[in-house]
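In what follows, a structure is listed as structure tokens, so that the remarks can point back to it.
As the structure is a prediction and not an experimental result, all values here were calculated from the model.
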Amino acid sequence: MSSGVAVDLENITIRFGDFTAVKDANVNINGGDFFSFLGPSGCGKTTILRAVSGFLEPSEGRVLIGGNDMAGIGPNKRPTALIFQNLALFPLMKVWENISFSMEVAGASAAERRKRADELLDMIALGGQGDKLPSELSGGQKQRVAIARALCANPDVLLLDEPLSALDLKLRQHMRTELREIQQRVGITFIYITHDQGEALTMSDNVAVMKAGVIDQIDTGHNIYDDPATPFVASFVGENNVFRGKVKSISGNEAVITTNRSGDLLSRITPAQVGKLAVGDDAMMFIRPEALELAPRDADSKTTISANVINEEFEGNSFSVFLQGDGGKQIKMSVPNLGQDRISVRGENLSLRYDASNAVTMPAGELASE
Amino acid sequence: MKKKMIFSDFFKNNGVVMGCLLIGLVSFWLIFLIILPQLSMLDYSFRFNLPPAEVGGPKDVYTLSNYEHLIYGSDTTHQTYNTVDLKVFVRTIIAAMLVTIFNIFLCYPLAYFLGQSKGSGFVRLLVVLLIIPYWINEILRAFALRIIFGDSGLLNEALMFLHLTSEPIDFIRQDIALYAGLGYAYILLMLFPMYNVIESLDRNQIEAARDMGASWMRIHRRIVIPHAKPGIVSGATMVFMLSAGALAAPQILGGPSSLWFTQLVYQWFNDSLNWQQGAAYAIVLLASTIIIVLTVMKIFKVNMGDIGK
Ligand SMILES: Nc1ncnc2c1ncn2[C@@H]1O[C@H](COP(=O)(O)OP(=O)(O)O)[C@@H](O)[C@H]1O
Ligand SMILES: [Mg+2]
């Protein structure tokens, strides 16, 4: 596999008038990586992508592609191809003309263009559909045509702006796998934008999580899920139960926090925040629903939580039990379905336990809004 | 099947009473204000210009003589052609085409600029500024242009002041004033259909093409113009039809020696009081312009339905 072309963002800040859409972003994307920007809508993802593709010059900082500074280089001169959020296929051109448009621009003959378009159509499993108009294709097929059109120019970096957002759930999940396969086949760098954490986690080598113009964390999907750097990341990526409290004691990379309702709780300090937490600080501890389990009688009180059951839902592969938590927030426990009839009864007081290594503590901060 | 749906939807949306009323009004308008008058003109064009006493008498029969007059200049011999009137006819059609083409080239960049700047306050102001001059009636506008283009008009004064010319240019005699007046008279009918279609073009398509390295020329040729085609054709149709059929601008701005075909029609009706002959001339003009428009639509592969959009 080719090693691919790296993309580096150095201290990128992008302003629109008084409004700062992206603040001091530093990102190093390895050549050949599938890299995702993940964040809620309006956090500045598209803006970053437009700065990489050259439709927009950052107010401060540099964009480097393959180590070359891209300042002053227009979108047509950059080795990037952008797939727009709405695909932006040309509705009045046939599918094969759409796909080979970049070759038309370069002056290739119709025969050459047709040949290359047919190859790409075969690659996206749409062989023989080149003479249709985009409007005659399904959503997923249009999606693939947009990818083929972008790949036709042989870009070093493919930029994808929420390309799956218009598809229905099933197709979206199928296209995830397909996109990842295409990326591995062509071996070029993919920069992918999404507000869907499932997409980011399943496809990416590395993910940057963004909140209101600021990148909170860059890491592998696995590390982001297990060791979130900020309360925002912890609550935005996957489901999480939050416990607020004050730091009571710290030893090494473990801390005990005192909560209102559940007493003292022990957990790991999340790696990004080790050394940044002091006794007496406001802290937040996060435990995933699947890290909670019913506690035996003799369980250590520093890793047990007792709460009243609000209700229970059967999810097929698991049961979700919702319990009364702090400040009106519910605690969710997820229990695998191993043939039990039920886990709890409504109103019952349950003791739940967790491994301290599965819970992370960090300085209190802003949570992702649901 | 589809037609049935259109009707049932129409009644569902408007209610039966309102629906009948609407259909009634539209039918009245079509039948009494368009079809019947035109049919009577058509009928006129095939009749002799008889004194009132003989109308309905034995001499009142159908004839092609009015049409023959346009072609041969006489309804008795076919030896010579009516070169004077035919020249006026051909000149009118060609000049109307040129005015239309000129308007297309003038309006396209403007419509593109207006359409792609997505209704910002400034653009709305520009559109209003374009519309307001049209509150002034056609005759006043034409006379104003006549003053500007006159021997001691603004334009000649300016040209002479700048020493671009030593004596006044006779814009009127050279028909420059006429073409400018015609172009100006219907320019909004070209601009607005174009503006509407271009405004509906997804900007991402332009950016996608730019991302793939397309030049501005290619972006317009391959993306913007194909998208705008129905608007361009719809505007061109209106400008062409109205220019070819214009009367005020040629009367006021035309040179003394050059006639517009509508002026001939007007003369037949008004000066010669020969309505039959005038109707024949008018029908020829109408039929020719319709044939030209339909041919152009065929060449550019535009359907009637696209124009209504
Ligand atoms: N051209 C622009 N002018 C002014 N504000 C903009 C512009 N483009 C984007 N913004 C603002 O920047 C923020 C980030 O937008 P965007 O990057 O599109 O977010 P997303 O993460 O949903 O892709 C939004 O608040 C948006 O309103
Ligand atoms: Mg976006």
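Taken to the nearest 0.5 Å, the CG atom of B/N204 stands 12.5 Å off from the CD1 atom of A/I83. B/M212 contributes atom CE, which lies 11.5 Å from atom CG of A/N76 (distance to the nearest 0.5 angstrom).
Contacts between A/E97 and chain B at a heavy-atom distance below 4.5 Å involve the side chain alone, from C-beta outward. Contact annotation for B/R210: both backbone and side-chain heavy atoms come within less than 4.5 Å of a heavy atom of chain A. Only the backbone of A/L89 comes within contact range of chain B, with at least one heavy atom under 4.5 Å from a heavy atom of that chain. Interface residue A/M93: only side-chain heavy atoms are found under 4.5 Å from chain B.
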Inset, instruction - Using the side-chain contact (heavy atoms from CB on, under 4.5 Å) rule, take A/F84 and B/R203 through it: C-alpha gap first, then chi angles, then the decisive distance, then the call. - result: CA-CA 11 Å; A/F84 288 78; B/R203 227 201 122 70; over 6 Å; no

Inset, instruction - Using the side-chain contact (heavy atoms from CB on, under 4.5 Å) rule, take A/F90 and B/R222 through it: C-alpha gap first, then chi angles, then the decisive distance, then the call. - result: CA-CA 9 Å; A/F90 306 130; B/R222 293 287 274 147; over 6 Å; no

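Put simply, the side chain of B/D211 gets close to the backbone of A/L82: a donor and an acceptor are under 3.5 Å apart.
For the options A/Q85, A/R149, A/K77, heavy-atom pairs under 4.5 Å to chain B are most numerous at A/R149. Taking chain B as the reference chain and counting heavy-atom pairs below 4.5 Å, the highest number among A/L92, A/V105, A/N86, A/T80 is found for A/V105.
Within a 6.0 Å radius of CH2 in B/W216, more than 12 heavy atoms belonging to other residues, nucleotides or ligands are found. The 12-atom threshold is not exceeded at CZ of B/F102, counting heavy atoms of other residues, nucleotides or ligands nearer than 6.0 Å. Counting heavy-atom neighbours within 6.0 Å of B/F300 CZ, excluding the residue itself, gives a total of 12 or less. In this structure, B/H220 places its NE2 atom where more than 12 heavy-atom neighbours from other residues, nucleotides or ligands lie under 6.0 Å away. For B/K229, the NZ atom counts as densely surrounded, since its 6.0 Å shell holds more than 12 non-hydrogen atoms of other residues, nucleotides or ligands.
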